[in-house]
Amino acid sequence: MIKWSDDYLIGIEEIDNQHKKLFEITDEAFNLLKDGFRVDKYDEIVSILEELKSYAIYHFKSEEEYMLKI
């Protein structure tokens, strides 16, 4: 999985923190999928995907609002 690196920082703290959160959510999904001990993952996968979808919508709206301000 791709891990967060400070190389990805853009220098806007609010946006950088949102990018980090997106990495955290995708890492949670990756870790769940590679966990061979858990057989029934469907509900958890759906939950993570819903969280990712909601957060992505929030994030892109925030970025668009920031761009409009500058």
Side-chain angles (χ1 to χ4, degrees):
M1 185 66 194
I2 298 173
K3 296 290 184 184
W4 175 261
S5 165
D6 284 347
D7 291 339
Y8 305 139
L9 291 171
I10 63 171
I12 303 162
E13 185 176 5
E14 179 181 357
I15 302 297
D16 286 334
N17 288 336
Q18 291 174 9
H19 289 160
K20 289 176 188 177
K21 177 68 174 175
L22 288 166
F23 272 76
E24 289 172 14
I25 296 169
T26 55
D27 192 49
E28 182 181 350
F30 178 79
N31 288 331
L32 175 62
L33 291 172
K34 74 176 189 175
D35 184 347
F37 294 106
R38 296 166 95 175
V39 179
D40 185 11
K41 303 173 187 178
Y42 179 81
D43 290 336
E44 291 173 275
I45 291 169
V46 169
S47 177
I48 292 170
L49 290 176
E50 284 296 323
E51 180 184 11
L52 182 58
K53 176 184 166 188
S54 295
Y55 200 81
I57 291 168
Y58 161 75
H59 166 67
F60 287 116
K61 184 176 183 217
S62 292
E63 279 191 341
E64 288 174 11
E65 289 172 356
Y66 176 80
M67 287 187 262
L68 287 171
K69 281 196 284 187
I70 61 168

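One is the number of the first residue; the rest follow in order along the sequence. The figures that follow rest on heavy atoms only: side chains count, while hydrogens, waters and symmetry mates do not.
Under the 4.5 Å side-chain criterion, counting only non-hydrogen atoms from C-beta, Trp4 is in contact with Leu9.
Considering all non-hydrogen atoms of both residues, Glu44 and Asp40 come closest at OE1-O, 4.1 Å. Between Lys3 and Tyr8, the shortest heavy-atom contact is O-CE1, 3.5 Å.
Lys41 NZ: more than 12 foreign heavy atoms inside a 6.0 Å radius.
The CD atom of Glu13 sits 8.0 Å away from the CG atom of Asp16 when rounded to the nearest 0.5 Å. Distance check: Leu33 CG to Glu28 CD gives 10.5 Å after rounding to the nearest 0.5 Å. For the atom pair CZ of Arg38 and CG of Asn31, the computed distance is 10.0 Å after rounding to the nearest 0.5 Å.
Hydrophobic clustering places Ile25 together with Leu49 (ILVMFWY residues linked when any side-chain heavy atoms are closer than 4.5 Å, directly or through intermediates). Clustering ILVMFWY residues whenever any of their side-chain heavy atoms sit less than 4.5 angstrom apart, transitively, puts Ile48 in the very cluster that holds Ile45. Under the 4.5 Å side-chain contact rule for hydrophobic residues, Leu32 and Leu22 share a cluster.
Of the charged side-chain nitrogens involved, at least one lies within less than 4.0 Å of a carboxylate oxygen, so that Glu51 and Lys21 count as a salt-bridged pair.
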Return all side-chain donor-acceptor pairs below 3.5 angstrom for residues 59-70, not counting sequence neighbours, or 'none' if the list is empty.
from	atom 1	to	atom 2	distance (Å)
His59	ND1	Gln18	OE1	2.7
His59	NE2	His19	NE2	3.2
His59	NE2	Glu63	OE2	3.1
Ser62	OG	Gln18	NE2	3.4
Ser62	OG	Tyr58	O	3.1
Glu63	OE2	His19	NE2	3.0

